[in-house]
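One structure is given here, and the rest of the page talks about it.
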Amino acid sequence: KGANIIGTGEKPYQCDVCGKKFLYHKILANHQRVHTGENPLASNICEVCGITYKSKSLLETHKRIHTGENPYECKICEKTFPLRSNLIDHKRIHTEYKCDMCDKAFSNSSNLIKHKMIHTGEKPYECDICNKTFSRLYLLAMHKLIHTGEKPYKCNLCDKSFSHPPGLAQHERIHTGVKPFKCNICDKAFTHRNSLESHKMTHTGEKPFRCVICGITFSQKGSLMRHKNVHTGEKPYKCNLCDKVFSQRCSLAGHKRIHT
């Protein structure tokens, strides 16, 4: 039943002791333990995902994940954050370590060096099983779980499991319908942060991904990677009618017109 009411705001499962309502029966059952004394912390339960916290203040902070609320604003660049600690960490970027490709600033040189890999496409961390490379060490660590099959992060609403926390967080939005990433220009909302960042470039015209060989810039990382085929000679796009190969998808599409 829960799957049919997501996004409507309806909470069909009501506690017969205090009258509080919940979206899922599983969360109601957990809540009722506060009345029986079995779990005194159940009064601090998230009504959306069922996670229990030791204090009401921690619960209120957690709820911002679902609502997308960002009450802490940077007075310098107007970027907003869900936690005060996030804002404090962010303020450190307004320092001397600035990227000469996109003007982003960082609190130390090591973070700047890591950031520049976005522009150069450098991926120094290699998986010793499949040789796939990554720009960050933590991304390599998460990737390796694919090979081990380990999925320690479990959704408490549908029992689906994930290999890393971001995957679980993104999945939970299927149940809640929450789109926490909102464009501050046109108010369009997105489920994932990277979708918002890509969307914002339609307003700014920003093209932060630069080819280190010829200097051409792109708004999407995928576009840069496809462009690099021009320099490497790689031709991954194959015509299924005559087996001719191309370095760009658009070239393949243009070629296919000769068969029609």
Side-chain angles (χ1 to χ4, degrees), residues 2-3 6 24 26 46 48-52 62 64-66 68 82-83 86 89 104 106 110-181 189-201 208-212 218-238 240 245-249 252:
I6 292 168
Y24 296 96
K26 185 183 292 186
C46 175
V48 178
C49 67
I51 295 177
T52 301
H62 159 79
R64 294 175 191 150
I65 295 174
H66 304 300
L83 304 176
N86 297 150
D89 289 340
K104 271 194 175 182
F106 299 87
S110 63
N111 284 341
L112 173 59
I113 291 170
K114 291 176 183 176
H115 161 77
K116 282 189 172 182
M117 293 177 186
I118 294 174
H119 302 296
T120 63
E122 183 183 356
K123 296 181 178 181
Y125 303 103
E126 183 175 337
C127 175
D128 55 4
I129 299 174
C130 69
N131 300 127
K132 191 171 184 179
T133 55
F134 300 86
S135 59
R136 297 286 192 275
L137 185 59
Y138 79 91
L139 293 174
L140 170 60
M142 289 194 297
H143 161 78
K144 283 189 171 181
L145 295 177
I146 295 173
H147 299 299
T148 64
E150 183 183 357
K151 294 183 178 180
Y153 304 99
K154 192 173 185 179
C155 176
N156 64 354
L157 297 175
C158 70
D159 295 332
K160 193 169 184 179
S161 298
F162 298 84
S163 57
H164 49 84
L168 173 60
Q170 290 179 11
H171 162 78
E172 285 179 338
R173 295 179 195 134
I174 296 173
H175 298 296
T176 63
V178 171
K179 293 183 177 181
F181 305 105
F190 299 87
T191 305
H192 304 122
R193 186 186 300 277
N194 59 352
S195 299
L196 170 61
E197 295 303 321
S198 295
H199 162 78
K200 280 184 174 180
M201 292 175 190
F209 303 102
R210 178 181 295 175
C211 176
V212 295
F218 300 87
S219 60
Q220 305 289 329
K221 186 176 181 180
S223 298
L224 171 60
M225 301 309 292
R226 289 189 292 272
H227 162 78
K228 284 183 176 181
N229 294 336
V230 174
H231 301 298
T232 64
E234 185 180 357
K235 296 182 177 181
Y237 304 102
K238 186 176 182 180
N240 58 0
V245 292
F246 301 87
S247 61
Q248 304 292 319
R249 190 188 301 275
L252 171 60

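With a 4.5 Å cut-off on side-chain heavy atoms, Cys155 and Leu168 count as touching. Between Arg226 and Pro236 there is no side-chain heavy-atom pair separated by less than 4.5 Å. At least one side-chain heavy atom of Asn229 sits under 4.5 Å from a side-chain heavy atom of Gln248.
The distance from atom NE2 of His175 to atom CG of Leu157, rounded to the nearest 0.5 Å, is 5.0 Å. Taking NZ of Lys200 as the reference point, atom CG of Leu196 lies at 5.0 Å (rounded to 0.5 Å). Atom NZ of Lys123 sits about 12.0 Å away from atom CG of Leu140, to the nearest 0.5 Å. Rounding to the nearest 0.5 Å places NZ of Lys221 at 11.5 Å from OG of Ser198. The NE2 atom of His115 lies 10.0 Å from the OG1 atom of Thr120; values are rounded to the nearest 0.5 Å. In this structure, NZ in Lys154 is found 13.5 Å from NZ in Lys160, a value given to the nearest 0.5 Å.
What you find for Phe209 and Ile118 is that their closest heavy atoms are CE2-CG2, 3.1 Å. When all heavy atoms of Tyr237 and Ser247 are compared, the pair lying nearest together is CE1-O, 3.4 Å. Across every non-hydrogen atom of Leu139 and Phe134, the tightest pair is CB-CD2, 3.9 Å. The shortest non-hydrogen separation linking Ser135 to Tyr125 is O-CE1, 3.5 Å. Residue Pro208 comes nearest to Ser219 through the heavy atom pair CD-CA, 4.1 Å, listed as atom of the first residue, atom of the second, then distance. The heavy-atom pair separating Cys130 from His143 by the smallest distance is SG-NE2, 3.3 Å.
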Evaluate side-chain hydrogen bond (donor to acceptor under 3.5 Å, both in side chains) for Asn131 paired with Glu126, printing each intermediate quantity in order.
CA-CA 6 Å; Asn131 300 127; Glu126 183 175 337; 2.8 Å; yes

Verify side-chain contact (heavy atoms from CB on, under 4.5 Å) between Cys127 and Thr133, making sure each step is shown before the conclusion.
CA-CA 6 Å; Cys127 175; Thr133 55; over 6 Å; no

Step by step, work out the side-chain contact (heavy atoms from CB on, under 4.5 Å) result for Ser163 and Glu150.
CA-CA 6 Å; Ser163 57; Glu150 183 183 357; over 6 Å; no

Could you please spell out the steps behind the side-chain contact (heavy atoms from CB on, under 4.5 Å) verdict for Lys235 and Phe246?
CA-CA 5 Å; Lys235 296 182 177 181; Phe246 301 87; 5.6 Å; no

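Cys211 pairs with exactly one of His231, His119, Met225 by the side-chain contact (heavy atoms from CB on, under 4.5 Å) rule, that one being His231.
The 12-atom threshold is not exceeded at NZ of Lys179, counting heavy atoms of other residues, nucleotides or ligands nearer than 6.0 Å. Counting heavy-atom neighbours within 6.0 Å of Arg136 CZ, excluding the residue itself, gives a total above 12.
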